[in-house]
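Below you'll find the structure, written out as structure tokens, and then a few comments.
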Amino acid sequence: MPAVNTYNFMTCPIEPLVDNGSGMGIKNLFSRPFFWVAICLMICSGASELAMAQWASAYAESALGLSKALGDLAGPCMFAVTMGISRIIFGKYGEQLDLMKFMGGSGILCVVCYLLAALSSSPIIGLIGCIACGFSVGIMWPGTISISSKTFPTGGTAMFSLLAMAGDLGGSIGPGIVGRITQNAGNNIRIGMGFGLIFPVILLFMLFLLYRKKSIQPQISKH
């Protein structure tokens with residue numbers, strides 16, 4: 001696979017994001033409140049995604065008593081499948097769907113999934129919450145990048161690298177926090193998932209701010 005990818009990168013033309021010297025700088029990006037909302041959204045998206053994905057296997061093993069192999073299949077594998085389904089749906093029908101509404105519905109679903117994993121008395125329902133969470137977070141990263149690229153058409157490499165860094169930051173701290181809380185709670189994964197609920201809640205709030213900013217901007221431009 002590395003050899004195939006090397007060939008692809010050597011032969012595939014890569015268009016520049018913006019004309020040389022016309023991209024927004026880091027200081028300029030951070031001076032925009034909208035960009036800070038996008039950064040927070042990427043952090044919470046990464047935390048919500050990876051906290052559930054990395055602990056779904058442990059949840060399946062502890063809650064259902066499954067083996068490691070079956071736990072990986074029932075947890076992370078199905079999480080990845082539902083995430084892929086979400087991105088396939090929007091990739092196929094994206095022009096017919098409202099991105100903000102799709103992301104808002106996904107944010108609500110993410111909160112519900114975390115509540116099921118943390119509070120459901122049925123291990124099966126809790127596992128369904130873990131699996132469905134993949135669908136809820138599938139659109140968050142590409143959706144945020146898409147909105148940011150439309151808002152800052154000259155954002156360039158700086159914008160995409162900062163957004164990617166924010167997503168990776170969330171993806172590193174999310175599982176770590178859930179794991180530490182779980183360990184301090186006597187390896188009770190439900191308590192860890194309950195604490196992890198803070199990430200999708202903040203994510204939903206960031207989506208609300210994003211929606212308000214997107215709805216206010218056209219009104220400002222008219223005046």
Side-chain angles (χ1 to χ4, degrees), residues 40-92 97 101-144 167-208:
C40 292
L41 185 56
M42 287 294 288
I43 292 174
C44 293
S45 298
S48 300
E49 175 184 331
L50 271 298
M52 185 66 79
Q54 291 194 16
W55 288 103
S57 177
Y59 185 95
E61 293 172 38
S62 62
L64 300 178
L66 300 178
S67 65
K68 173 64 176 174
L70 290 177
D72 288 344
L73 290 174
C77 181
M78 293 306 299
F79 179 96
V81 169
T82 56
M83 177 184 286
I85 291 173
S86 171
R87 293 180 177 178
I88 289 173
I89 290 175
F90 200 83
K92 181 73 174 178
L97 299 174
K101 291 181 179 179
F102 193 87
M103 291 178 68
S106 296
I108 294 173
L109 176 61
C110 189
V111 171
V112 172
C113 289
Y114 266 84
L115 286 173
L116 289 177
L119 303 178
S120 176
S121 59
S122 171
I124 296 294
I125 294 178
L127 181 60
I128 291 174
C130 293
I131 294 172
C133 186
F135 185 92
S136 70
V137 298
I139 193 58
M140 295 304 176
W141 279 47
T144 304
D168 290 338
L169 176 63
S172 63
I173 65 176
I177 291 176
V178 171
R180 178 56 63 91
I181 296 297
T182 299
Q183 186 179 30
N184 292 339
N187 293 326
N188 189 330
I189 188 66
R190 291 182 184 274
I191 295 178
M193 289 295 187
F195 191 86
L197 179 64
I198 189 174
F199 301 123
V201 168
I202 298 176
L203 180 147
L204 196 58
F205 179 69
M206 290 297 112
L207 284 172
F208 173 74

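What you are looking at is a predicted structure, and each value in this text was computed from that prediction instead of being measured.
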More than 12 heavy atoms of other residues, nucleotides or ligands under 6.0 Å from [atom1] of [X]: is that the case?
X    : atom1 : value
F102 : CZ    : yes
F90  : CZ    : yes
I89  : CD1   : yes

Review point. What is the distance from atom CG of L50 to atom CG of D168, rounded to the nearest 0.5 Å?
Key: 8.5 Å
Review point. Looking at SG of C133 and CE of M78, how far apart are the two atoms once the value is rounded to the nearest 0.5 Å?
Key: 14.0 Å
Under 3.5 Å: donor-acceptor pair, side chain of [X], backbone of [Y]:
X    : Y    : answer
W55  : P175 : yes
T82  : F79  : yes
Y114 : S48  : yes
S120 : I125 : no

Review point. Taking only residues two or more places apart in sequence, or in another chain, which ones meet S86 in a side-chain hydrogen bond (donor to acceptor under 3.5 Å, both in side chains)?
Key: none
Residue pair [X] / [Y]: nearest heavy atoms and the distance that separates them:
X    : Y    : answer
A47  : G174 : CB-CA, 3.9 Å
I108 : L204 : N-CD1, 3.6 Å
C44  : I202 : SG-CG2, 3.3 Å
G192 : T182 : CA-OG1, 3.3 Å
T144 : L41  : OG1-CD2, 3.2 Å
C130 : A56  : CB-CB, 4.4 Å

Exercise for review: Kindly determine whether S45 and L203 satisfy side chain to side chain contact (heavy atoms under 4.5 Å, CB included), including the steps that lead there.
Suggested key: CA-CA 7 Å; S45 298; L203 180 147; 3.4 Å; yes
Do [X] and [Y] have side chains that get closer than 4.5 Å, going by heavy atoms?
X    : Y    : answer
L109 : C113 : yes
P123 : R190 : yes
M140 : L207 : yes
W141 : E49  : yes

Check your understanding: What's the verdict on side chain to side chain contact (heavy atoms under 4.5 Å, CB included) for F199 and I43, showing C-alpha distance, side-chain angles and the deciding distance?
Key -> CA-CA 9 Å; F199 301 123; I43 292 174; over 6 Å; no
Practice item. In sequence, state the C-alpha distance, the side-chain angles, and the governing distance for I139 and R87, and then conclude on side chain to side chain contact (heavy atoms under 4.5 Å, CB included). Key: CA-CA 6 Å; I139 193 58; R87 293 180 177 178; 5.6 Å; no
